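In what follows, a structure is listed as C-alpha coordinates, so that the remarks can point back to it.
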Protein chains: 2
Amino acid sequence: MSDNQERPPVAPLQDVLAAISDPVRLEMLRRLDPDGAPVACGQLYDGIGKSTASHHFKILREAGVIEVELIAGKTHQRLRLADVEAAYPGVLSSILAVPSAR
Amino acid sequence: MSDNQERPPVAPLQDVLAAISDPVRLEMLRRLDPDGAPVACGQLYDGIGKSTASHHFKILREAGVIEVELIAGKTHQRLRLADVEAAYPGVLSSILAVPSAR
DNA sequence: ATGCCTGTTCGATCTACGTCGAACTTAGCA
DNA sequence: TGCTAAGTTCGACGTAGATCGAACAGGCAT
(Lines give C-alpha, C1' and ligand atoms only; values in the text may rest on other atoms or scores of the structure.)
Protein backbone atom coordinates (compact mmCIF):
# COMPACT_ATOMS: atom_id res chain seq x y z
CA MET A 1 0.00 0.00 0.00
CA SER A 2 1.25 3.44 -0.84
CA ASP A 3 0.02 4.97 2.43
CA ASN A 4 -1.58 3.83 5.62
CA GLN A 5 -4.28 6.51 5.88
CA GLU A 6 -7.84 5.25 5.89
CA ARG A 7 -9.57 6.92 3.00
CA PRO A 8 -13.24 6.34 2.40
CA PRO A 9 -13.99 5.90 -1.28
CA VAL A 10 -15.17 8.80 -3.40
CA ALA A 11 -18.98 8.85 -3.55
CA PRO A 12 -21.06 8.25 -6.71
CA LEU A 13 -20.77 11.00 -9.29
CA GLN A 14 -24.26 12.22 -8.53
CA ASP A 15 -23.34 12.85 -4.90
CA VAL A 16 -20.11 14.60 -5.83
CA LEU A 17 -22.00 16.89 -8.19
CA ALA A 18 -24.63 17.61 -5.56
CA ALA A 19 -21.87 18.52 -3.13
CA ILE A 20 -20.16 20.84 -5.58
CA SER A 21 -23.33 22.51 -6.84
CA ASP A 22 -23.82 24.49 -3.63
CA PRO A 23 -22.21 27.95 -3.84
CA VAL A 24 -20.90 27.88 -0.27
CA ARG A 25 -19.26 24.50 -0.75
CA LEU A 26 -17.75 25.36 -4.12
CA GLU A 27 -16.19 28.42 -2.55
CA MET A 28 -14.75 26.24 0.19
CA LEU A 29 -13.13 23.99 -2.37
CA ARG A 30 -11.70 27.00 -4.18
CA ARG A 31 -10.00 28.15 -1.00
CA LEU A 32 -8.35 24.79 -0.44
CA ASP A 33 -4.88 24.05 -1.74
CA PRO A 34 -5.13 22.08 -5.00
CA ASP A 35 -2.03 20.11 -3.99
CA GLY A 36 -3.67 18.81 -0.86
CA ALA A 37 -1.98 20.95 1.76
CA PRO A 38 -4.11 21.25 4.90
CA VAL A 39 -5.98 24.51 5.39
CA ALA A 40 -7.47 25.70 8.66
CA CYS A 41 -11.24 25.55 8.96
CA GLY A 42 -11.77 29.22 9.58
CA GLN A 43 -10.08 30.21 6.32
CA LEU A 44 -12.70 28.41 4.27
CA TYR A 45 -15.85 30.39 4.87
CA ASP A 46 -17.28 33.82 5.61
CA GLY A 47 -20.66 35.14 6.59
CA ILE A 48 -22.22 31.90 7.83
CA GLY A 49 -22.43 30.35 11.29
CA LYS A 50 -20.06 27.63 12.42
CA SER A 51 -22.80 25.07 12.60
CA THR A 52 -23.71 25.72 8.99
CA ALA A 53 -20.07 25.46 7.94
CA SER A 54 -19.72 22.21 9.82
CA HIS A 55 -22.77 20.90 7.97
CA HIS A 56 -21.17 21.71 4.61
CA PHE A 57 -17.87 20.12 5.65
CA LYS A 58 -19.72 16.96 6.48
CA ILE A 59 -21.33 16.81 3.06
CA LEU A 60 -18.01 17.40 1.31
CA ARG A 61 -16.40 14.75 3.48
CA GLU A 62 -19.12 12.21 2.78
CA ALA A 63 -18.80 12.90 -0.91
CA GLY A 64 -15.14 11.99 -0.61
CA VAL A 65 -13.96 15.37 -1.83
CA ILE A 66 -12.14 16.49 1.31
CA GLU A 67 -10.69 14.91 4.42
CA VAL A 68 -9.97 16.16 7.89
CA GLU A 69 -6.68 16.37 9.70
CA LEU A 70 -6.00 17.66 13.17
CA ILE A 71 -2.94 19.86 13.43
CA ALA A 72 -2.06 21.13 16.87
CA GLY A 73 -5.61 20.58 18.02
CA LYS A 74 -7.15 22.62 15.25
CA THR A 75 -9.16 21.12 12.44
CA HIS A 76 -7.72 21.39 8.97
CA GLN A 77 -9.27 20.33 5.70
CA ARG A 78 -7.46 18.79 2.78
CA LEU A 79 -8.64 18.54 -0.81
CA ARG A 80 -8.65 14.98 -2.14
CA LEU A 81 -8.16 16.10 -5.71
CA ALA A 82 -6.06 13.11 -6.74
CA ASP A 83 -8.64 10.63 -5.46
CA VAL A 84 -11.51 12.40 -7.18
CA GLU A 85 -9.54 12.66 -10.40
CA ALA A 86 -8.82 8.94 -10.25
CA ALA A 87 -12.54 8.22 -9.97
CA TYR A 88 -13.80 10.87 -12.40
CA PRO A 89 -10.95 12.21 -14.52
CA GLY A 90 -11.15 15.90 -15.29
CA VAL A 91 -14.37 16.61 -13.46
CA LEU A 92 -13.17 18.40 -10.35
CA SER A 93 -10.01 19.85 -11.86
CA SER A 94 -11.89 21.46 -14.75
CA ILE A 95 -14.45 22.97 -12.38
CA LEU A 96 -11.78 24.41 -10.11
CA ALA A 97 -10.00 25.77 -13.18
CA VAL A 98 -12.94 28.08 -13.93
CA PRO A 99 -12.26 31.63 -12.69
CA SER A 100 -14.31 32.27 -9.56
CA ALA A 101 -15.82 35.44 -11.02
CA ARG A 102 -18.21 33.42 -13.18
CA MET B 1 -20.76 35.25 -37.94
CA SER B 2 -20.45 31.52 -38.18
CA ASP B 3 -24.19 30.88 -37.93
CA ASN B 4 -27.38 32.89 -37.72
CA GLN B 5 -29.04 30.97 -34.89
CA GLU B 6 -29.86 32.98 -31.79
CA ARG B 7 -28.08 31.29 -28.93
CA PRO B 8 -28.50 32.58 -25.42
CA PRO B 9 -25.21 32.56 -23.52
CA VAL B 10 -24.27 29.69 -21.25
CA ALA B 11 -25.30 30.45 -17.65
CA PRO B 12 -22.88 30.97 -14.76
CA LEU B 13 -21.01 27.85 -13.70
CA GLN B 14 -23.05 27.59 -10.54
CA ASP B 15 -26.27 27.33 -12.53
CA VAL B 16 -24.82 24.80 -14.93
CA LEU B 17 -23.70 22.63 -12.02
CA ALA B 18 -27.10 22.94 -10.37
CA ALA B 19 -28.74 21.85 -13.61
CA ILE B 20 -26.47 18.84 -13.98
CA SER B 21 -26.63 17.75 -10.35
CA ASP B 22 -30.20 16.47 -10.71
CA PRO B 23 -30.29 12.75 -11.60
CA VAL B 24 -33.19 13.11 -14.04
CA ARG B 25 -31.49 15.92 -15.93
CA LEU B 26 -28.10 14.21 -16.03
CA GLU B 27 -29.78 11.16 -17.53
CA MET B 28 -31.39 13.41 -20.14
CA LEU B 29 -28.00 14.79 -21.10
CA ARG B 30 -26.58 11.29 -21.34
CA ARG B 31 -29.26 10.32 -23.82
CA LEU B 32 -28.54 13.28 -26.06
CA ASP B 33 -26.13 13.02 -28.97
CA PRO B 34 -22.73 14.44 -27.94
CA ASP B 35 -22.27 15.80 -31.45
CA GLY B 36 -25.38 17.93 -31.21
CA ALA B 37 -27.79 15.93 -33.33
CA PRO B 38 -31.42 16.64 -32.37
CA VAL B 39 -33.18 13.98 -30.31
CA ALA B 40 -36.93 13.71 -29.86
CA CYS B 41 -38.34 14.74 -26.49
CA GLY B 42 -39.88 11.41 -25.64
CA GLN B 43 -36.57 9.56 -25.95
CA LEU B 44 -35.04 11.53 -23.11
CA TYR B 45 -37.00 10.43 -20.07
CA ASP B 46 -38.88 7.57 -18.47
CA GLY B 47 -41.13 7.21 -15.47
CA ILE B 48 -42.02 10.87 -14.98
CA GLY B 49 -44.93 12.94 -16.23
CA LYS B 50 -44.64 15.25 -19.21
CA SER B 51 -45.07 18.36 -17.10
CA THR B 52 -42.15 17.31 -14.93
CA ALA B 53 -40.04 16.60 -17.99
CA SER B 54 -40.93 19.97 -19.42
CA HIS B 55 -39.83 21.57 -16.18
CA HIS B 56 -36.42 19.89 -16.41
CA PHE B 57 -36.01 20.87 -20.05
CA LYS B 58 -36.62 24.45 -19.11
CA ILE B 59 -33.90 24.40 -16.47
CA LEU B 60 -31.43 22.80 -18.86
CA ARG B 61 -32.34 25.35 -21.50
CA GLU B 62 -31.95 28.29 -19.13
CA ALA B 63 -28.58 26.94 -18.06
CA GLY B 64 -27.56 27.05 -21.72
CA VAL B 65 -26.82 23.35 -21.86
CA ILE B 66 -29.43 22.38 -24.44
CA GLU B 67 -31.52 24.09 -27.09
CA VAL B 68 -34.82 23.31 -28.74
CA GLU B 69 -35.57 22.68 -32.38
CA LEU B 70 -38.88 21.86 -33.99
CA ILE B 71 -38.71 19.11 -36.56
CA ALA B 72 -41.94 18.26 -38.35
CA GLY B 73 -43.92 19.82 -35.53
CA LYS B 74 -42.28 17.70 -32.84
CA THR B 75 -39.91 19.11 -30.27
CA HIS B 76 -36.33 17.95 -30.40
CA GLN B 77 -33.52 18.79 -28.01
CA ARG B 78 -29.91 19.38 -28.93
CA LEU B 79 -26.88 19.29 -26.64
CA ARG B 80 -24.86 22.52 -26.75
CA LEU B 81 -21.66 20.75 -25.79
CA ALA B 82 -19.39 22.99 -27.86
CA ASP B 83 -20.80 26.15 -26.30
CA VAL B 84 -20.48 24.81 -22.78
CA GLU B 85 -16.96 23.62 -23.47
CA ALA B 86 -16.04 27.05 -24.77
CA ALA B 87 -17.24 28.61 -21.54
CA TYR B 88 -15.99 25.94 -19.12
CA PRO B 89 -13.46 23.69 -20.84
CA GLY B 90 -13.63 20.06 -19.79
CA VAL B 91 -16.47 20.39 -17.32
CA LEU B 92 -19.38 18.89 -19.23
CA SER B 93 -17.35 16.54 -21.39
CA SER B 94 -15.61 14.95 -18.40
CA ILE B 95 -18.92 14.46 -16.61
CA LEU B 96 -20.53 12.83 -19.64
CA ALA B 97 -17.46 10.63 -20.02
CA VAL B 98 -18.18 8.96 -16.66
CA PRO B 99 -19.90 5.59 -17.16
CA SER B 100 -23.56 5.93 -16.23
CA ALA B 101 -23.36 3.02 -13.80
CA ARG B 102 -21.62 5.17 -11.21
C1' DA C 1 -6.89 22.03 37.13
C1' DT C 2 -9.68 25.16 34.82
C1' DG C 3 -11.01 28.26 31.32
C1' DC C 4 -11.17 29.33 26.60
C1' DC C 5 -11.46 28.51 21.83
C1' DT C 6 -12.92 25.55 18.03
C1' DG C 7 -15.70 22.51 15.90
C1' DT C 8 -19.60 19.07 16.06
C1' DT C 9 -24.34 17.68 17.13
C1' DC C 10 -29.19 18.50 17.83
C1' DG C 11 -33.64 20.51 17.11
C1' DA C 12 -36.41 23.79 14.80
C1' DT C 13 -37.58 26.75 10.98
C1' DC C 14 -38.01 28.31 6.35
C1' DT C 15 -37.27 28.18 1.63
C1' DA C 16 -36.28 25.93 -2.75
C1' DC C 17 -37.32 22.43 -5.76
C1' DG C 18 -39.20 18.06 -7.78
C1' DT C 19 -43.52 16.08 -8.70
C1' DC C 20 -48.20 15.66 -10.27
C1' DG C 21 -52.82 16.69 -12.51
C1' DA C 22 -55.53 19.66 -15.19
C1' DA C 23 -56.18 23.20 -18.48
C1' DC C 24 -54.49 25.67 -22.51
C1' DT C 25 -51.84 26.08 -27.20
C1' DT C 26 -50.16 24.57 -31.26
C1' DA C 27 -49.27 21.54 -35.22
C1' DG C 28 -50.27 18.00 -38.23
C1' DC C 29 -53.80 14.96 -40.21
C1' DA C 30 -58.08 12.90 -41.64
C1' DT D 1 -62.88 21.91 -40.37
C1' DG D 2 -62.61 19.71 -36.48
C1' DC D 3 -59.58 15.77 -34.06
C1' DT D 4 -55.88 14.06 -31.90
C1' DA D 5 -51.29 14.05 -30.11
C1' DA D 6 -47.39 16.63 -27.97
C1' DG D 7 -45.54 20.29 -24.90
C1' DT D 8 -46.03 24.12 -22.03
C1' DT D 9 -48.04 26.62 -18.23
C1' DC D 10 -50.24 26.92 -13.82
C1' DG D 11 -51.43 25.85 -9.16
C1' DA D 12 -50.82 22.80 -5.32
C1' DC D 13 -48.44 19.54 -2.52
C1' DG D 14 -44.65 17.20 -0.20
C1' DT D 15 -39.98 16.61 0.85
C1' DA D 16 -35.18 17.64 0.99
C1' DG D 17 -31.84 20.78 2.38
C1' DA D 18 -29.72 25.31 4.03
C1' DT D 19 -29.63 28.05 7.97
C1' DC D 20 -29.52 29.37 12.75
C1' DG D 21 -29.00 29.13 17.95
C1' DA D 22 -27.94 26.54 21.83
C1' DA D 23 -25.82 22.85 24.06
C1' DC D 24 -21.99 19.57 24.12
C1' DA D 25 -17.01 17.80 23.64
C1' DG D 26 -12.04 18.08 23.19
C1' DG D 27 -7.39 20.44 23.24
C1' DC D 28 -4.23 24.04 24.64
C1' DA D 29 -2.51 27.37 27.29
C1' DT D 30 -2.23 29.79 31.40
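Predicted, not measured: the structure shown is a model, and the values here were computed from it. Each chain gets a letter, A, B and so on, in the order its sequence line appears, and its residues count up from 1.
Between B:Val68 and B:Arg61 the shortest heavy-atom distance is CG2-CD, 3.0 Å. When all heavy atoms of A:Val84 and A:Gly64 are compared, the pair lying nearest together is CG2-O, 3.8 Å.
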- Determine, stepwise, if the pair B:Leu29 / B:Ile95 fulfils side chain to side chain contact (heavy atoms under 4.5 Å, CB included). CA-CA 10 Å; B:Leu29 296 184; B:Ile95 290 173; over 6 Å; no
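Taken together through direct or relayed side-chain contacts under 4.5 Å among Ile, Leu, Val, Met, Phe, Trp and Tyr, A:Ile59 and A:Leu81 form parts of separate hydrophobic clusters.
We find the CD1-CG distance between A:Ile20 and A:Leu96 to be 7.0 Å, quoted to the nearest 0.5 Å. Rounded to the nearest 0.5 Å, atoms OH (A:Tyr45) and OG (A:Ser54) are 8.5 Å apart. From B:Gln43, atom CD reaches atom CZ of B:Arg31 across 8.5 Å, with rounding to the nearest 0.5 Å. For the atom pair CG (A:Leu44) and CD1 (A:Ile66), the distance works out to 8.0 Å, reported to the nearest 0.5 Å.
Among A:Gln77, A:Arg78, A:His76, the single residue meeting the side-chain hydrogen bond (donor to acceptor under 3.5 Å, both in side chains) criterion with A:Glu69 is A:Arg78.
B:Glu67 contributes no side-chain N or O that, together with a main-chain N or O of B:Leu79, makes up a donor-acceptor pair within less than 3.5 Å.
For the segment residues 42-61 of chain B, residues with any heavy atom less than 4.0 angstrom from an atom of DNA chain D are, sorted by number, B:Lys50, B:Ser51, B:Ser54, B:Arg61. Within residues 17-25 of chain A, the residues having any heavy atom under 4.0 Å from DNA chain D are, by residue number, A:Asp22, A:Val24, A:Arg25.
Residues satisfying the side-chain contact (heavy atoms from CB on, under 4.5 Å) criterion with A:His56, sequence neighbours excluded, are A:Asp22, A:Val24, A:Arg25, A:Met28, A:Ile48, A:Thr52. Remark: B:Asp35 engages no residue in a salt bridge (charged side-chain N to carboxylate O under 4.0 Å, His left out) (not counting sequence neighbours).
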- Message: Each nucleotide in nucleotides 25-30 of chain C should get exactly one letter: B, S or -. Can you fill that in based on protein heavy atoms under 4.0 Å?
- Response: --SS--
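Scanning DNA chain D 5' to 3' for nucleotides with an atom closer than 4.0 angstrom to a non-hydrogen atom of chain A gives a first and last hit of D:dA18 to D:dC28.
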